[in-house]
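So you know, we letter chains A, B, ... as the sequences are listed, proteins then strands, and number each from 1.
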Amino acid sequence: MEYNFRNIEKKWQQYWEENKTFRTPDDLTNPNKCYILDMFPYPSGAGLHVGHPEGYTATDIISRYKRMKGFSVLHPMGWDAFGLPAEQYAIQTGTHPSITTKNNCDTFRRQIKELGLSYDWEREINTTDPKYYKWTQWIFIQLFNTWFDEKLRKGRPLSELIIPDSISKAGNKAVRDYVNSHRLAYYDNATVWWCPDCRIVCANEEVLFDGSHEKCGNRVEKRNLKQWMLRIPLYAERLLKGIDDLDWPEGIKEMQRNWIGRSTGAEVDFKLEGTNETLRVFTTRPDTLFGATWMVIAPEHPLTTSLTTEDRKTEVDNYIKAASLKSDLDRTDLAKEKTGVFTGRFAVNPVNLKKIPVWVADYVLMGYGTGAIMAVPAHDTRDFEFALKYDLPVECIMDPEVTDNEQRSRIIKGRECWTEDGRYINSSDTKTGIDINGLNKEAGIAKMTVWLESKNIGKAKVNYKLRDWLFSRQRYWGEPFPVIHWDDGEISVLDEKDLPLELPELEKYLPGESGESPLANAGDWLNVNDKSGRKGRRETNTMPQWAGSCWYYLRFIDPSNDKQIFDPEKEKYWMPVDIYIGGAEHAVLHLLYSRFWHKVLFDLGIVSTDEPYRKLFNQGMILAYAYENETGAKVAADIIEERNGKFYNSETGTEVKQIVAKMSKSLKNVVNPDDVVLKYGADSLRLYEMFLGPLDITKPWDDKGVKGVFNFLGRTFRFFSNGENIVNYDEDPEILKGLHQAIKKVETDIENLRFNTAISAMMIFLNLAIRKGKVTPDTAAIFTKILSPFAPHLAEELWNMLGNTKTIAYEPWPEVNEEFLKEEAFEYPVSFNGKLRFKIELPVSMTKDEIIEHVLTDARAKKWLETGTMTNIIVVPNRIVNVVLKNKCG
RNA sequence: GCCCGGAUGGUGGAAUGGUAGACACGCAGGACUUAAAAUCCUGUGGCCAUUAAGGCUGUGCGGGUUCAAGUCCCGCUCCGGGUACCA
């Protein structure tokens, strides 16, 4: 019988749908639960990409396997459907983004269903559905009404915030400002990156290092706009600590740590000569204060203008202006060469009371630390560069730990920068009484910090790179903020009963050039009055795409609950997510934001776990072959001809080089899953995606490779569907051994997400079965079961042919019988001096001495024993024999 | 620059420190066929020998540890990802 995958796949997809086979169990009593989650996709107009099914197939295999193992499985799918493309399309064509979105979701759903993925479609969610974003808005309100208690290190309701008397006395506005300054979500002026092309603000994270917008590639610029911000840095410490216990890839954990960027050091106050002001700096190296020979203040620092002396004013003003303009034009040019000007002002170094000049330079950032630094050129490479350029003094205060005497001499003379450890020199002063000479870095930092604190001129301080999260976008197609700005300056959020605040219908979707959202044109929707007649205006910004994806895993637990965000009992049962699979591109932002929201919800008692995702796994990207000519120019894949393993441009006839590159329209190397399904079937696509290589690595798609797994499925079908091959008899011990080896391998490989080798184990068994020519019905049933998570359509069909009437999806996973795996003999590889010379089969029960005797008396050993004198013989039972010889000549 | 990965046949990739190249693709030869496709069988790292048995060599490069290294250690090269004046 031929393997008619089209009929088989259609038949079983229909069966699963009609029988609601993959509906999540309702009862919450099964102690074994498994929440298996994919990163839900943005449904783009281009449809599914072969990258999507990679992760989806992996989670599907785990889900199906866990069901067979008796677990209650939650395995849902949904759409992260807010986003720019649908809105851009609306601007161009006038089509409402909801229509575009719906069409795209329909395409994605159809494509995903055609892959036979076992999602519970009753739990499908869509972030653009008001029934869903009602709760996104609800979470925003929770953030708005929460403050962070530094002592308890947790978020608490604002009702528990104690207002100091001094604030209460100062009146309502002071109280309001005080409260607002504590909210996790706040509204304020922010200097933001603006993309003039997309007419949208971008988070720092969305701006690439070359100053371009990651979405469109155009240059961004700085603007000052009123924005919603979230105080994620308050959770920096918890977010950092939480990473340690997560079962996530080390690389991703490290990226999150780097992003949070914790650094310990001290803040130190420098008196500004001739003023009453002090200039506070943050440094990780308070121990190097004796080497501080000047200071640098950021151009945007509030003191910069006032501390500048009259005679330097013009130059400094020009510099500040140039710096702000320059950053608009090109951030990266700034990074290449440091510039700065002297302010004319001197500061007093607190350790030795020496006067040091204050410079302004844009390599010091206002957004980090205090916006001012002390420069220690001898022990900081950036300061050293600056010293060279402007001929500033370099004073070495540390005898470096180097063996090279010339280098040591250069460092001590201040001609080379040294940032590592050593012993302090020139680091004492009798006037101030501090002395750290002779200490090493660690002791020096400790002693200096204590001294600074005792003199009240500094204190230990921890800083984070993590900044407030810019949480608003000037767009239409996003969640509206449930916020009203009142005439008198009050900002209020809607009552829960008034949610969701739905998006109004608009005629035009184009945002204003000045950074106004299209919602500013929604007159009826926009303006509101309260009971006392006070006028208000709704927030016209919308939330960024991150908002909906920050918490969707929680809604899957109880997706149609319209009374609560979810039933807490269900949340307790299903959380945390047991395994979360998706692309590494979300390593930092989505996962960090999501963890942040989750921790806030945890603090408020809304969720029961501190972390949302227990185990995370990143699938590798799937690339494709592309072609380039000698000059490195790319040649579209559709005009390539292959002859004798070489590739030619069919239009010019010139030879081209095959390379591996990202799939892209311009290279014409995009693989469409629909085409693969049509030609080979969904089971083949699934199997190939898994067989391609380990899940986490980047690997190239090769159409030819699909044939390999297609052949396997075809052979499987032809063998097991042929009644002549399925015979009642005492099963062949070799078959039993092979079968149980396969069960064991497939099981451990699924548990460890090594699907490629699981598939090869099944191939090995099939090859054995075909060679033997027959198996028992039991063997056929077991093999069908272990195949079913991978190729579910084919497995259901074979299961049915074996006389079963119910789905295979909930059949118990076969048990490995170790009895069948026992070996009686082992073929020992015998090496002489590590080189394999021959093999000898010996019983596994044989003792070492017996093994040695058999090996040494073997006729084949003689030849090698003659080449030297035996000095040792290593026998590792059931592994290897190695004879060590000393060469006669040597 | 810094941080994380990675480098194994023509290709994708296997290999608890213990037989390198499992399993596939491709290729070559054969069977079936009027022919092709499909399917089935055999071979397939390189070099030497080929009448056979066999031998040498081989996991990016250079060292080291070990009876034994793709795997562990030290020093490089190249490729991919992240990050970027974070004081």
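A 3.5 Å limit on both hydrogen-bonding distances identifies no Watson-Crick or G-U partner for B:A84. Across all strands shown, B:A38 remains unpaired; no Watson-Crick or G-U wobble contact has both distances below 3.5 Å. Across all strands shown, B:C27 is found opposite B:G43 as a Watson-Crick or G-U wobble partner, with both distances under 3.5 Å. In this entry B:C72 has B:G64 as its Watson-Crick or G-U wobble partner, both defining distances falling under 3.5 Å. Nucleotide B:G5 is matched to B:C79 when pairs are restricted to Watson-Crick or G-U wobble geometry with both distances under 3.5 angstrom. Using the Watson-Crick or G-U wobble rule with both distances under 3.5 Å, B:A14 pairs with nothing in any strand shown. Across the strands present, B:A53 finds no partner; the criterion is a Watson-Crick or G-U wobble pair with both atom distances under 3.5 angstrom.
When heavy atoms are screened at a 4.0 angstrom cut-off, A:Trp294 is found touching no nucleic acid atom at all. Residue A:Asp702 is out of contact with every strand shown, counting any heavy-atom pair closer than 4.0 Å. Nucleic acid contact class of A:Ile764 (heavy atoms, under 4.0 Å, all strands): sugar-phosphate only. Within the 4.0 angstrom heavy-atom criterion, base atoms lie near A:Phe691.
The side chain of A:Val364 has B:A87 as its nearest neighbour among B:C41, B:A87, B:G18. Distance from the side chain of A:Phe282 is smallest for B:A87 among the nucleotides B:C67, B:A87, B:A20. Each of B:G55, B:A84, B:G18 was ranked by its minimum atom distance to the side chain of A:Val876; first place goes to B:G18.
Checking the phosphate oxygens (OP1, OP2) of B:A14, a side-chain nitrogen or oxygen of A:Asn756 falls inside 4.0 Å. When the side-chain nitrogen and oxygen atoms of A:Arg879 are compared with OP1 and OP2 of B:G17, none of them lie within a distance under 4.0 Å. Neither OP1 nor OP2 of B:G81 sits under 4.0 Å from any side-chain N or O of A:Asn618. Remark: A:Asn767 is in phosphate contact with B:A24, judged by side-chain N or O atoms under 4.0 Å from OP1 or OP2. An OP1 or OP2 oxygen of B:G5 is reached within less than 4.0 angstrom by no side-chain nitrogen or oxygen of A:Thr698. Contact between the side-chain N/O atoms of A:Lys863 and the OP1/OP2 oxygens of B:A53 is not found at any separation under 4.0 Å. Note on A:Lys707: a side-chain N or O is less than 4.0 Å away from OP1 or OP2 of B:G26.
At a threshold of 4.5 Å between non-hydrogen side-chain atoms, the residues A:Ile373 and A:Met295 do not count as touching. At a threshold of 4.5 Å between non-hydrogen side-chain atoms, the residues A:Tyr319 and A:Asp362 count as touching. Contact of the A:Leu452 side chain with the A:Lys459 side chain is not registered, since no non-hydrogen atoms from C-beta on lie closer than 4.5 Å.
Going from the C1' atom of B:A68 to that of B:C78 covers 30 Å, rounded to whole Å. A distance of about 43 Å separates the C1' atoms of B:G54 and B:G5, rounded to the whole Å. Taking atom C1' in both B:G45 and B:A14, the straight-line distance is 15 Å, to the nearest Å. Comparing the C1' positions of B:C72 and B:A38 gives a spacing of 50 Å, expressed to the nearest Å. Atom C1' of B:G70 sits at a distance of 5 Å from the matching atom of B:U59, rounded to the whole Å. For the C1' atoms, the distance from B:G9 to B:G60 is 15 Å, rounded to whole Å. Nucleotides B:C56 and B:A20 are separated by 13 Å at their P atoms, to the nearest Å. Separating the C1' atom of B:G12 from that of B:U8 is a span of 12 Å, rounded to the nearest Å.
Side-chain contact of A:Tyr368 with A:Ser263: a donor-acceptor pair under 3.5 Å is present, judged by distance alone.
Comment: A:Lys699 engages A:Glu54 in a salt bridge, judged by a side-chain N to carboxylate O separation of less than 4.0 angstrom.
Classified by its glycosidic torsion, B:G63 falls in the anti category, the angle being over 90° from 0.
A:Ile260 places its CD1 atom 15 Å from the C1' atom of B:C3, with the value rounded to the nearest Å. Taking atom CD of residue A:Glu250 and atom P of nucleotide B:G82, one finds them 19 Å apart after rounding to whole Å. Spacing between atom CH2 of A:Trp701 and atom C1' of B:A24 amounts to 14 Å, rounded to whole angstrom units.
Nearest heavy-atom pair, A:Leu667 versus A:Ala626, reported as atom, atom and distance to 0.1 Å: CD1-CB, 3.9 Å.
For a distance-only test at 3.5 Å, the side chain of A:Arg837 fails to qualify as a donor-acceptor partner of the base of B:U19.
Under the ring-ring contact (aromatic ring centres under 6.0 Å, His included) test applied with A:Tyr688, the options A:Phe755, A:Tyr680, A:Trp701 reduce to a single match, A:Trp701.
Checked against the 6.0 Å centroid threshold, A:Tyr828 and A:Phe826 count as a close aromatic pair.
In terms of position on RNA chain B, the residue among A:Ser760 and A:Phe710 whose nearest nucleotide sits closer to the 5' end is A:Ser760.
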